[in-house]
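Values below: every heavy atom of this structure, side chains too, minus hydrogens, waters and symmetry copies. It should be emphasised that the depicted structure is a prediction, and the values quoted were computed from it without experimental measurement.
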Amino acid sequence: MTFPDNNGYFGNYGGRFVPETLINALIELEEAYRYFLQDASMQHELNDLLHHFAGRPTPLYFARGLSEQTGIMLYLKREDLLHTGAHKLNNTLGQALLTRFMGKKRIIAETGAGQHGVATATVAALLGLECTIYMGEVDIERQMPNVKRMKLLGAEVVPVTSGSRTLKDAINEALRDWVRTVRTTHYLLGSVSGPHPFPMIVRDFQKVIGNEALQQFSTITGKLPDFCIACIGGGSNAAGFFHAFINTTTQCIGVEAGGKGLYPGGHCASLTSGKPGILHGALSYLLQNDDGQVMDVHSISAGLDYPAVGPEHSFWKDGNKVTYTTCSDKQALNACITLTRTEGIIPALESSHALGYVLENRDSFVGASVIINLSGRGDKDLDTILKEVNI
């Protein structure tokens, strides 16, 4: 069976839990997306932009120095080399073209780490769309380089001052905007979360990561990798990466933000410590208290600072298709420094969680071939990194 089903469910997870004012918009979006997929000229334009504008295919890099140190055959899928510095552009290019295909002139988006915001502002500038980005005040402070990039690209950046003032609250504000402006505006959601068809659409636009990695690794080695590992926030980079390997012998591991390791509110490990509930229009695993209230969460990486996860990941968890685990702030920072000083590659703190898990558990991977999805570069995190490690 192909997932999601006709009602937008991945097994027990997904669906559309939104105000009535958005139901028709979501139905129209799904219908437009189906036509978009069948339109040869749109698919040609998307593929052309992915290649000539974004820089695909991204390399699969064998990290020789780190492999020699650890005894693990470590490969990095270099999404950090994509234009704008992260995997987010795969999705924003697709959804921006879909916006134009639907005849809409304005896009809105949420952002945490700022990479989705930058990628959205970039495609808005490219295609001549009006653009508004919602971003929590806390994230604006710790990701100021990306805020400046968004503004330079012509986007309006709206600070969100409610709640925890991070990604969850930015999504809330973006949804409120969409309810008011749905006739002229497309909500360019950045992850595999939210109501159907967003988890499907975002996953489909990110599948290029896994499809390339599978072909590249097979060409290099003639076989499948033993492990594919990616960080998990909402889960778009991991969903796109894992999809090509999910029904193979390769073991997929999703690494959530373990934060400072203090519970409650000390991490963002929805799949590891959460339970099913509804947030932002979908039924999925999320962190909630005994009264069903969404918990405050923490991660050193703004892109993982989210109390829920995409419904397809919940489906994979229950079906034992993917193993989900955690990496702490400290382990992620150590991994970031290790990769930087061994391979000359500065990873985003989000991606550092995937590497951090491998390095912390290296004895379990000795002799194995491992692909880590390096979903973004660390330029945006330099202030945080330097402050934490006293360089």
For residues [X] and [Y], is any side-chain donor paired with an opposing acceptor at under 3.5 Å?
X: S299; Y: S301; result: yes
X: Y61; Y: E343; result: yes
X: N91; Y: H116; result: no
X: T58; Y: E79; result: yes
X: K88; Y: N237; result: no
X: T120; Y: T92; result: no

Can you see whether F241 has K77 sitting over its ring - NZ or CZ less than 6.0 Å from the centre and within 45° of the normal? no
Got more than 12 heavy atoms from elsewhere within 6.0 Å of [atom1], [X]?
X: K330; atom1: NZ; answer: no
X: Q215; atom1: CD; answer: no
X: D383; atom1: CG; answer: no
X: R180; atom1: CZ; answer: yes
X: I346; atom1: CD1; answer: no

Quick check on the hydrophobic clustering: are [X] and [Y] connected, directly or via other members, by side-chain heavy-atom contacts under 4.5 Å?
X: Y306; Y: Y134; value: no
X: Y33; Y: L188; value: yes
X: L271; Y: F245; value: yes
X: L175; Y: V182; value: yes
X: V309; Y: L286; value: no

Can you label the angle between the [X] ring and the [Y] ring as parallel, tilted or perpendicular, going by 30° and 60°?
X: W178; Y: H186; answer: perpendicular
X: W316; Y: H243; answer: tilted
X: H313; Y: Y324; answer: perpendicular
X: Y75; Y: F62; answer: tilted

Does the gap between the ring centers of Y13 and Y285 come in under 6.0 Å? yes
Donor-acceptor under 3.5 Å (S351 side chain, S375 main chain): yes
Hey, does the side chain of Q206 reach the backbone of H87 with a donor-acceptor pair shorter than 3.5 angstrom? yes
Do [X] and [Y] sit within salt-bridge range, that is, some charged N less than 4.0 Å from a carboxylate O?
X: R100; Y: E45; answer: yes
X: E30; Y: R16; answer: yes
X: E31; Y: R34; answer: no
X: E350; Y: K380; answer: yes
X: R142; Y: D305; answer: yes

Rounded to the nearest 0.5 Å, what separation is found between the CG atom of L60 and the OG atom of S218? 11.5 Å
Between the CG atom in L279 and the OG atom in S270, the distance rounded to the nearest 0.5 Å is 9.0 Å
Minimal non-hydrogen separation, A354 against C231, with atom names: CB-N, 3.8 Å
Should M200 and V192 count as side-chain neighbours, where that means a heavy-atom distance under 4.5 Å? no
